[in-house]
Amino acid sequence: MIKITLPDKSVREYEEGISGIEIAKSISNRLAKDVLSITVNGEVWDLTRGITGNSEIKLNTWEDREGKETFWHTSAHLMAEAIEAFYPGTRFGIGPTVDTGFYYDVDLPDGQQLSEKDLEKIEKKMIELARQKNDIKRNEISKSDALKMFTEKGDNLKTELISELEDGSITLYNQGNFTDLCRGPHLPNTEAIKAIKLTSIAGAYWRGDEKNKMLTRVYGVTFPKQKMLDDYLVMVEEAKKRDHRKLGKEMGLFAFSESVGQGLPLWLPKGAQLRAQLEDFLKKVQKKYGYEQVITPHIGDVKLYKTSGHYEKYGKDSFQTIKTPAEGEEYMLKPMNCPHHCEIYKAFPRSYKDLPIRMAEFGTVYRYEMSGELHGLTRVRGFTQDDAHIFCRPDQLKDEFKKVIDIIFIIFKALEFEDYVAQISLRDPENTEKYIGTAENWDKAEQAIIEACEEKGLNTVTELGEAAFYGPKLDFMIKDALGRSWQLGTIQVDYNLPERFDLEYIGADDNRHQPVMIHRAPFGSMERFVAVLIEHTAGKFPLWLAPEQVVVLPISEKYNDYAKKVLNFLNNSDIRTVIDDRNEKIGRKIRDNELKRIPYLLIVGENEAEAEMVSVRRQGQGDKGIMKLPEFKDFMTKEINEQLTGLYN
RNA sequence: GCCGGAGUAGCUCAGGGGUAGAGCGCAUCCUUGGUAAGGAUGAGGUCACGAGUUCAAUUCUCGUCUUCGGCUCCA
């Protein structure tokens with residue numbers, strides 16, 4: 001007998017060799033029906049695999065990440081089986097799960113291509129195969145047998161994968177006529193897969209390397225019930241309605257023009273207003289934290305970027321240098337603000353008493369992103385960073401870093417961003433030529449970030465090889481409406497630029513010392529931040545940010561004059577107000593302005609005009625009653641203050 | 001940059017080898033109204049751009065540009 005410990009710490013005894021599915025049956029029939037995989041001592045297993053010793057287990061259902069992954073992983077195999085049925089001789093790359101669903105990279109024989117039109121027939125085939133209720137069998141196989149088998153099949157992708165595996169740890173999974181190399185785990189039977197949607201098709205380089213062949217990647221998602229798939233598809237449709245590209249156009253926030261060029265956003269009046277509001281907010285916060293605003297030009301001598309290292313690292317992929325009539329003179333559109341800020345630092349001799357110096361600029365930079373990478377406002381070629389550089393003494397570094405984390409949290413709080421990931425990006429010790437600077441400085445910088453995050457009690461994930469070329473960083477990522485993750489705030493520690501620019505200060509010991517730099521941008525870029533903000537709020541911005549805060553709606557043209565008085569009063573009180581004096585009925589005006597997402601609608605007719613009042617309607621909430629004008633003004637001010645209180649004053 | 005879609009009115013989209021349609025929006029007029037769509041009339045398109053095939057191309061072919069979904073990249 002062996003002892004099995006369940007997640008609630010209760011212990012049950014079973015025969016040695018008991019399987020997950022048998023344990024589930026012994027607990028309840030319902031669980032036996034719902035269970036998808038079992039976690040045994042932290043490792044996810046097939047339900048049919050025998051357990052040979054005392055173990056801690058967890059039975060995974062659809063509610064568990066591990067359960068879904070098993071389900072989708074098996075779905076990927078089912079899809080592969082369906083594709084092989086139509087295209088015998090297909091070579092299969094990898095078929096993992098993703099956040100929602102799975103994909104498989106395939107290479108069809110004789111240069112055949114899949115297109116979106118083929119997805120439906122593959123879906124149908126998958127349903128047909130699932131209904132055959134084939135058991136899925138796990139087999140351990142020797143490396144040489146595995147190599148032989150896939151060589152015979154002509155699947156060079158799999159043989160490449162096998163050749164990198166350890167002998168003795170290779171497993172195959174078989175269902176019906178389909179066998180695949182796979183670490184598992186899988187469902188016991190394909191019948192659990194009831195609802196299937198193949199969502200898209202895309203090219204993907206083999207092993208993610210652009211020097212390799214491009215395979216066809218088929219994405220899909222499956223569910224144990226049709227209803228769940230239907231709900232999922234509705235959810236995706238809802239998410240598309242929040243897409244910042246759609247809302248940005250609809251709400252008149254920004255536009256693109258072919259004539260101006262790809263990836264170069266045009267901020268329309270309402271978008272510019274929104275952005276200015278965000279900038280003012282951050283300026284106030286930064287003022288409280290001792291920052292000073294600076295302004296630098298949009299171009300700089302190419303020598304500046306040779307000094308910083310940007311030219312060497314990115315010169316080939318940037319906008320090309322700008323020539324002047326003078327022989328040999330070259331300028332670059334600035335891809336970063338830091339070199340300019342270093343030169344501001346150098347404008348004066350600095351004393352240790354001057355530090356830290358915190359230099360902030362809403363600096364517009366230009367980077368030649370690859371054309372396929374451009375995406376609405378989230379990935380553009382010209383954008384404005386809410387940039388700042390902190391020049392400090394090494395003993396001030398950690399404290400300064402922590403203060404920047406505070407600023408980022410102030411912003412997240414003001415905008416109710418609760419669902420973020422904090423990622424520490426360190427250098428890849430295997431690939432040192434990607435970076436500039438000494439190992440010693442890198443160690444110091446990485447250590448400072450790790451300690452600052454610990455002391456702030458921040459939940460972080462750590463990625464090796466994701467650092468900037470001049471230093472490690474802490475990034476904050478937020479998801480958009482479709483679940484894609486975007487990097488917003490970033491804080492980077494840098495010992496290298498101070499060295500390259502010969503930055504120095506005179507210490508208390510009367511010797512020259514080198515300052516440390518922190519690069520930081522809490523929004524990241526105004527463009528990307530606004531994009532994510534639009535998707536978060538579905539365009540319903542908090543009152544303090546809304547480009548138009550109030551719209552006045554006269555009941556009929558008879559009250560237009562009074563409506564204009566209201567309009568002027570509010571605009572003179574710094575409340576952004578517009579008027580809808582179209583020749584329409586009041587119901588129509590309310591509907592149209594609700595749809596424009598204007599926070600407050602003021603209805604004025606005979607009653608209001610006589611009493612110098614307004615009828616207040618809050619967007620999404622309906623009638624709020626009638627108020628005197630100054631009373632309404634206070635009412636609004638109060639709501640704004642509640643949103644911003646304590647954040648910068 | 002690479003793979004695969006798409007580009008028709010301001011917007012959302014239908015259509016199809018014989019030079020175009022709907023709804024919404026817009027304009028004008030009627031209506032002057034009380035908390036989510038009042039009515040009538042009308043204007044708007046080199047069917048992304050450039051070549052080719054054809055008696056004839058917006059429709060078919062090729063190229064370019066833009067855009068969408070991915071891959072790769074992201075100072």
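Protein chains get the first letters and strands the later ones, always in sequence-line order, with residue 1 at the start of each.
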List, with names and distances, any nitrogen or oxygen atoms from the protein found under 3.5 Å away from nitrogen or oxygen atoms belonging to nucleotides 3-10 of chain B.
{"residue": "B:rC3", "atom": "O2", "partner": "A:G203", "partner atom": "N", "Å": "3.0"}

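- The shortest distance between the side-chain N/O atoms of A:R245 and the OP1/OP2 oxygens of B:rC68 is below 4.0 Å.
- In summary, A:R588 and A:D592 engage in a salt bridge, as defined by a charged side-chain N under 4.0 Å from a carboxylate O.
- A heavy-atom distance below 4.0 Å to RNA chain B is reached by these residues of residues 581-591 of chain A, ordered by number: A:N583, A:E584, A:K585, A:I586, A:G587, A:R588, A:I590, A:R591.
- The nearest heavy atom of RNA chain B to A:F469 and to A:Y205 marks one nucleotide each, and the one closer to the 5' end goes with A:Y205.
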Identify each donor-acceptor pair in which a side-chain atom of residues 255-272 of chain A lies under 3.5 Å from a protein atom, sequence neighbours left out, and give them as a table.
{"residue": "A:S257", "atom": "OG", "partner": "A:S259", "partner atom": "N", "Å": "3.0"}
{"residue": "A:S257", "atom": "OG", "partner": "A:V260", "partner atom": "N", "Å": "3.2"}
{"residue": "A:W267", "atom": "NE1", "partner": "A:E527", "partner atom": "OE2", "Å": "3.3"}

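- The residues A:R591 and A:E594 are annotated as not salt-bridged, no charged nitrogen and carboxylate oxygen being separated by less than 4.0 angstrom.
- Here B:rG23 is in the anti range [glycosidic angle more than 90° from 0].
- Using bins of under 30°, 30° to 60° and over 60° for the plane-to-plane angle, the ring pair A:W486/A:H375 lands in the tilted bin.
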Extract all donor-acceptor atom pairs below 3.5 Å that involve side chains of residues 493-500 of chain A and protein atoms in other chains or at least two apart in sequence.
{"residue": "A:D494", "atom": "OD1", "partner": "A:N496", "partner atom": "N", "Å": "2.6"}
{"residue": "A:D494", "atom": "OD1", "partner": "A:L497", "partner atom": "N", "Å": "3.1"}
{"residue": "A:D494", "atom": "OD2", "partner": "A:H519", "partner atom": "NE2", "Å": "2.8"}
{"residue": "A:N496", "atom": "ND2", "partner": "A:I436", "partner atom": "O", "Å": "3.0"}
{"residue": "A:N496", "atom": "ND2", "partner": "A:Y470", "partner atom": "O", "Å": "2.7"}
{"residue": "A:E499", "atom": "OE1", "partner": "A:N441", "partner atom": "ND2", "Å": "3.4"}
{"residue": "A:R500", "atom": "NH1", "partner": "A:T307", "partner atom": "O", "Å": "3.0"}

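- Looking at residues 596-615 of chain A, you'll see A:I603, A:G605, A:E606, A:N607, A:E608, A:S615 sit with a heavy atom under 4.0 Å from some atom of RNA chain B.
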Pick out the pairs of N or O atoms, protein on one side and nucleotides 40-44 of chain B on the other, that lie under 3.5 Å.
none

Nucleotide-level pairing of RNA chain B, given in dot-bracket where Watson-Crick and G-U pairs need both distances under 3.5 Å and | marks other strands:
(((((((..((((....[..)))).(((((.......))))).....(((((..]....))))))))))))....

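- For the ring pair (Phe, Tyr, Trp, His ring centres under 6.0 Å) condition, the pairs that include at least one residue of residues 584-623 of chain A, sequence neighbours left out, are A:Y600-A:F632, A:Y600-A:F635.
- Near RNA chain B, meaning a heavy atom under 4.0 Å away, the residues from residues 333-340 of chain A are A:P335, A:M336.
- With respect to the salt-bridge test (charged N to carboxylate O, under 4.0 angstrom), the residues A:K473 and A:E466 do not qualify.
- Regarding contacts with the backbone of B:rG69, a side-chain N or O of A:H375 is found under 4.0 angstrom from either OP1 or OP2.
- When rounded to the nearest whole Å, the span between NZ of A:K240 and P of B:rU12 equals 14 Å.
- Across all strands, A:R617 comes closer than 4.0 Å to base atoms (heavy-atom distances).
- Ring geometry for A:H77 versus A:H73: interplanar angle over 60°, hence perpendicular rather than tilted (30 to 60°).
- Considering only residues two or more places apart in sequence or on other chains, A:R207 meets the salt bridge (Lys or Arg N to Asp or Glu O under 4.0 Å) condition with A:E160, A:E164.
- Using a 4.0 Å cut-off between charged nitrogen and carboxylate oxygen, A:E400 and A:R358 count as a salt-bridge pair.
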Identify each atom pair where a protein N or O and an N or O of nucleotides 61-64 of chain B are less than 3.5 Å apart, giving names and distance.
none

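- At the heavy-atom level, A:K473 lies under 4.0 Å from the strands shown only through sugar-phosphate atoms.
- Here A:Y219 lies in heavy-atom contact (under 4.0 Å) with sugar-phosphate atoms only.
- Within 4.0 Å (heavy atoms only), A:F256 reaches no atom of the nucleic acid at all.
- With salt bridges taken as basic N to acidic carboxylate O contacts below 4.0 Å, one links A:E446 and A:R427.
- A distance-only check finds no donor-acceptor pair linking the side chain of A:S318 to the backbone of A:Q320 [under 3.5 Å].
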Enumerate donor-acceptor pairs with a distance under 3.5 Å from any side-chain N or O in residues 104-112 of chain A to protein atoms, sequence neighbours excluded.
{"residue": "A:Y104", "atom": "OH", "partner": "A:K158", "partner atom": "NZ", "Å": "3.1"}
{"residue": "A:Y104", "atom": "OH", "partner": "A:D180", "partner atom": "OD2", "Å": "2.3"}
{"residue": "A:D105", "atom": "OD1", "partner": "A:R217", "partner atom": "NE", "Å": "2.7"}
{"residue": "A:D105", "atom": "OD2", "partner": "A:R217", "partner atom": "NH2", "Å": "3.0"}
{"residue": "A:D107", "atom": "OD1", "partner": "A:K213", "partner atom": "NZ", "Å": "3.1"}
{"residue": "A:D107", "atom": "OD2", "partner": "A:R91", "partner atom": "NE", "Å": "3.2"}
{"residue": "A:D107", "atom": "OD2", "partner": "A:R91", "partner atom": "NH2", "Å": "3.0"}
{"residue": "A:D107", "atom": "OD2", "partner": "A:K213", "partner atom": "NZ", "Å": "3.1"}
{"residue": "A:Q112", "atom": "NE2", "partner": "A:P109", "partner atom": "O", "Å": "3.3"}

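- With distances taken from any side-chain atom of A:Y470 to the nucleotides B:rU66, B:rA36, B:rA75, the minimum falls on B:rA75.
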